[in-house]
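All values below were derived from every heavy atom in this structure, side-chain atoms included, with hydrogens, water molecules and symmetry-related copies excluded.
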Amino acid sequence: MKFLARIAIAAFLAANLVACAQIPHSSAVNDGPNMNNGLASDYLYYSPSGPADYATAAEVVNGFLNAGTGPQNDYAVARQFLSKGFSAKWNPGSQTLVQTGRPLLTQDVAHSSFKLTSNLVTIVDADGEMRKVKEAKTLSFHLVQEAGQWRIDKAPDLTLLIKPVFDVIFQGYSIYFLDKPEQHLVPDVRWFPSRASTGTKMIAALLEGPSAWLAPAVTSAIPAGTKLNTASVTIDQGLATVDLSSKALKTSYSQKA
């Protein structure tokens with residue numbers, strides 16, 4: 001059974017709030033951002049190029065990494081550097097790594113593989129949770145030839161960006177949970193690319209629950225195990241239409257309100 005909830009987007013999706021250790025108990029009421037602006041399409045500031053004809057294996061790897069700057073159409077350009085069998089399997093949304101300095105790319109010609117070592121400063125997971133780090137990470141890539149062209153058939157499920165590019169593509173959005181007395185909304189900041197699917201990612205993160213550091217202080221009116229029935233959340237004039245699974249019916253009248 002489906003439960004169709006029309007949720008005021010301003011209640012869940014206010015942007016650019018910074019999470020803090022203490023929960024405020026009073027503040028002015030402000031409008032959230034207009035989620036329709038900039039999210040009607042996947043237009044962004046970066047439009048990477050696809051692979052050139054007969055590019056070398058190294059050029060294909062470098063081109064693929066650069067194409068991580070273009071999340072338009074679910075990273076359609078980046079997928080052009082992948083083999084036919086791997087293109088649909090690659091999941092760039094699993095993780096975003098933000099690097100500093102110049103990465104080191106080494107090639108194993110005998111095995112058609114590469115290793116890239118980068119110094120990381122930030123990791124963003126699939127739910128948009130950001131973690132500051134200071135570590136080196138090595139990524140592995142394997143290539144095959146398809147119709148005389150080098151293509152990647154093994155790569156990690158992630159994208160790798162430098163911080164200035166990350167700051168352009170990604171934006172901080174707040175999803176909201178209730179404090180334990182269920183009297184105040186508490187923001188939990190998540191980071192996603194600003195694109196047409198951002199609303200869907202935010203609702204999915206909301207259904208997964210609060211960040212670990214915030215979880216002891218908050219609760220959710222949405223029953224555990226509730227899922228999205230449809231692949232996307234639609235936004236029209238500031239309202240998100242969210243089609244939830246039947247578990248959402250277990251909420252009390254006050255929670256639905």
ask   = Taking ILVMFWY side chains as joined if any heavy atoms are under 4.5 angstrom apart, and letting links pass through other members, which residues group with Y54?
value =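 Via sub-4.5 Å side-chain contacts, Y54 links to none.
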
request  = Any salt bridge (Lys or Arg N to Asp or Glu O under 4.0 Å) involving residues 144-170? Give me the pairs, sequence neighbours left out, ordered by first then second residue.
outcome  =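 Every pair satisfying salt bridge (Lys or Arg N to Asp or Glu O under 4.0 Å) with a residue in residues 144-170: K163-D167.
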
inquiry  = Tell me every residue that passes side-chain hydrogen bond (donor to acceptor under 3.5 Å, both in side chains) with S113, counting only those two or more places apart in sequence or in another chain.
reply    =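 Residues passing side-chain hydrogen bond (donor to acceptor under 3.5 Å, both in side chains) with S113: none at all.
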
task = Find out whether Y176 and L206 are in side-chain contact, i.e. whether some heavy atom of one side chain is under 4.5 Å from a heavy atom of the other.
result =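 Answer no - side chains too far apart.
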
key: Heavy-atom check, side chain of L178 versus side chain of V218, under 4.5 Å   =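 No; the side chains remain at least 4.5 Å from each other.
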
remark   = Closest non-hydrogen contact found for G209 with R190 is O-NH2, 3.1 Å

key: Distance-minimising heavy-atom pair for F64 and A78   =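 That would be CD1-O, 3.5 Å.
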
message = Are F166 and L160 connected into the same hydrophobic cluster when the rule is that any two of I, L, V, M, F, W, Y join if their side-chain heavy atoms are below 4.5 Å apart?
response = no

Would you mind writing out the side-chain donor-acceptor pairs for residues 81-91 within the sub-3.5 Å range, not counting sequence neighbours?
unit_1: S83; atom_1: OG; unit_2: F86; atom_2: N; d: 3.3
unit_1: W90; atom_1: NE1; unit_2: P156; atom_2: O; d: 3.0
unit_1: N91; atom_1: OD1; unit_2: G93; atom_2: N; d: 3.3
unit_1: N91; atom_1: ND2; unit_2: S94; atom_2: OG; d: 2.8

Please list every donor-acceptor pair under 3.5 Å in which a side-chain atom of residues 127-139 meets a protein atom from a residue at least two apart or in another chain.
unit_1: E129; atom_1: OE1; unit_2: S211; atom_2: OG; d: 3.2
unit_1: T138; atom_1: OG1; unit_2: T117; atom_2: OG1; d: 3.0

key: ring-ring contact (aromatic ring centres under 6.0 Å, His included): pairs with one or both residues in residues 126-151, sequence neighbours excluded   = none

ask   = Taking it one step at a time, do Q107 and F114 satisfy side-chain contact (heavy atoms from CB on, under 4.5 Å)?
value = CA-CA 4 Å; Q107 181 177 10; F114 288 80; 3.2 Å; yes

ask   = Does the Q72 side chain pair with the main chain of Y46, one donor and one acceptor, at a distance under 3.5 Å?
value = yes

